[in-house]
Structures are given as structure tokens and as C-alpha cells.
Amino acid sequence: MRNFLKTQNLGNLKVLSIAALFAAISFICGKFLAFNIGDTIRFSFENLPLILTGFLFGPTVGAVTAITADIVGCLLRGYAINPILTFAATFIGFFSGLLFNSLKNTKLPVRVAISVVFCHIIGSVIIKTVGLSVWFGYPFFLTLIERTINYLVVLAAELPILILIIKNKQFMGEISKLTGAKNELH
């Protein structure tokens, strides 16, 4: 089970350094490069680096990266930490890595699609809607509809970007050189 969760990556300083960089990118995408409409709709690529971390380094590092990005982002922006939203980010980081790495015999675009769609439906739409409804009192069903539309748009943009990143031999080669890990994603 240790290898399946890739917990050994938590002891690799190079992996953790790259994960910290991805957490910072997530923070910047979510807090500075987002396009907000009202209180519940935010178009951003904040989850893309978290998902990519899960793909590259496994579910455990994906989850730790998501927790770090969410908590540091809240602290730096002066937001209260909403544990439900932090859990949603953790879910996205963990399950993107878990699904992607468990579907090794599936074609790459399908692996990416299954992983990203599942994480967005459960993490970004359902769990975050609950978090926004409980924490801020937003109406659940209206928020659910808004967030579903929001993440259909985000999903349409993220899927091809993630597939292109993973297929990029130069990027994957640099990740392999930095971490000393063999590229096993294809």
C-alpha cells in the first residue's frame, strides 16, 4: 500500500520543493488570477497544480500540497480557514493522484478525464458547496447549480491543459531530472 499511495515521496526533498512550488502556483491562480462572479462563482485554475501534483507524485503529496495551498492562501489573504473548503482541496489533491495512478492501464486522456471529472464533481462542486452553505449561509441548491456551471467551464479548460502538460516530454523530463524519479505517467 505504501507504494500505491507513494508516501515515500514525502521524504524526498526535491519532490516536496516542487510540490511547494505547485502550492504557490495554486495560491496565485486562486487568489490573484481568478475571475469572480458574485460570492460563489470563481473561475480559476487553482486546482490544476493540485491535480498535477497528485498525478506526478501520488495522492499523499497531492493532499499535502492542497492543504498547504489552502491554509497558506487563507493566511496570506486574511481569510478565515474554512475546514470544509480545506477538506475539499485535500480531497481533490488526494483523489486525483489516487485515481490517476490506479488507472495505469487506461489511455492517458481517459485517465486524466476520469480523475479530473470525479475530483471536480465531489470536491469542487459538492463538498465546496456544502462548505459555502454551512460557513456563509448561501442557499445550497442555488449554489450547487452555480458551482456546477462554474466547474463545467473550468473542466473544459483544465482537461486539455493537463493532458498537454503530461504529454510534454520536456516538462516531464525536467520533473524526472529534478526528482530523480522515472516518468511512469504514460
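Everything quoted here is computed from the prediction, not taken from an experiment. In what follows, every heavy atom counts, from backbone to side chain, and hydrogens, waters and symmetry copies are set aside.
- At a threshold of 4.5 Å between non-hydrogen side-chain atoms, the residues Pro83 and Trp135 count as touching.
- Contact between Ser124 and Ile92 at its shortest, heavy atoms only, is OG-CD1, 3.3 Å.
- Once rounded to the nearest 0.5 Å, the distance linking OG1 of Thr129 with CD1 of Ile84 reads 11.0 Å.
- Applying the ring-ring contact (aromatic ring centres under 6.0 Å, His included) test to residues at least two apart or on different chains, the pairs with a partner in residues 146-175 are His120-Tyr151.
- For Ala66 against Ala89, the heavy-atom pair with the smallest separation is CB-O, 3.1 Å.
- The hydrophobic clustering, which links ILVMFWY residues whose side-chain heavy atoms are closer than 4.5 Å, places Ile51 and Leu21 together.
- Contact check for Ile37 versus Asn150: no side-chain heavy atoms found under the 4.5 Å cut-off.
- Here Asp70 contributes atom CG and Ile67 contributes atom CD1; the two are 9.0 Å apart, rounded to the nearest 0.5 Å.
- Between Thr90 and Thr86, some side-chain heavy-atom pair lies under the 4.5 Å cut-off.
- Hydrophobic clustering (ILVMFWY, side-chain heavy atoms < 4.5 Å, transitive): Leu159 and Leu56 are in one cluster.
- For Phe27, the ring pair (Phe, Tyr, Trp, His ring centres under 6.0 Å) test picks out Phe32, with sequence neighbours left out.
- Heavy atoms only, all atoms of each residue included: Ala34 and Ser44 are closest at CB-CB, 3.7 Å.
- Each of Leu52, Val112, Asn47 was checked for a side-chain contact (heavy atoms from CB on, under 4.5 Å) with Glu158, and the lone residue meeting it is Asn47.
- Nearest heavy-atom pair across Ala23 and Ala69 is O-CB, 3.7 Å.
- Side-chain contact between Asn36 and Phe43 is absent, with no heavy-atom pair separated by less than 4.5 Å.
- Between atom CD1 of residue Ile161 and atom CD1 of residue Ile166 there is a gap of 12.0 Å, rounded to the nearest 0.5 Å.
- Both Val117 and Val125 belong to a common hydrophobic cluster when Ile, Leu, Val, Met, Phe, Trp and Tyr are linked at side-chain heavy-atom distances under 4.5 angstrom.
- In terms of heavy-atom proximity, Gly131 sits nearest to Leu85 at CA-CD2, 4.3 Å.
- In this structure, Met172 and Asn168 have side chains that are not in contact, with every pair of non-hydrogen atoms separated by 4.5 Å or more.
- Atoms OG and NZ, on Ser176 and Lys169 in that order, are 12.5 Å from each other to the nearest 0.5 Å.
- Residues satisfying the side-chain contact (heavy atoms from CB on, under 4.5 Å) test with Thr53, not counting sequence neighbours, are Ala19, Phe22, Phe57, Val61, Thr65.
- Residues passing the side-chain contact (heavy atoms from CB on, under 4.5 Å) test with Thr106 are Leu103, Val110, Arg111, sequence neighbours excluded.
- Residues Leu178 and Leu16 share a hydrophobic cluster, clusters being chains of Ile/Leu/Val/Met/Phe/Trp/Tyr side chains in contact below 4.5 Å.
- Under the ring pair (Phe, Tyr, Trp, His ring centres under 6.0 Å) criterion, Phe91 pairs with Phe95, Phe118, sequence neighbours left out.
- Inter-residue side-chain proximity for Arg147 and Ile126 is flagged as unmet; no heavy-atom pair is nearer than 4.5 Å.
- The minimum heavy-atom distance between Lys128 and Ala88, with the atom names listed, is CG-CB, 3.4 Å.
- Taken from CD1 in Ile81 to SG in Cys74, the straight-line distance is 5.5 Å, to the nearest 0.5 Å.
- At a threshold of 4.5 Å between non-hydrogen side-chain atoms, the residues Cys29 and Leu48 do not count as touching.
- The side-chain contact (heavy atoms from CB on, under 4.5 Å) with Ile145 is formed by just one residue from the set Thr148, Ile149, Thr143; it is Ile149.
- In terms of hydrophobic clustering, with Ile, Leu, Val, Met, Phe, Trp and Tyr side chains grouped at heavy-atom distances under 4.5 Å, Leu155 and Ile122 are assigned to a common cluster.
- Atom NZ of residue Lys167 and atom CG of residue Leu162 lie 12.5 Å apart, to the nearest 0.5 angstrom.
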Steps toward side chain to side chain contact (heavy atoms under 4.5 Å, CB included) verdict (Glu146, Leu142) = CA-CA 6 Å; Glu146 291 173 343; Leu142 177 60; 3.8 Å; yes

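- Not counting sequence neighbours, Phe140 has no partner by the ring pair (Phe, Tyr, Trp, His ring centres under 6.0 Å) test.
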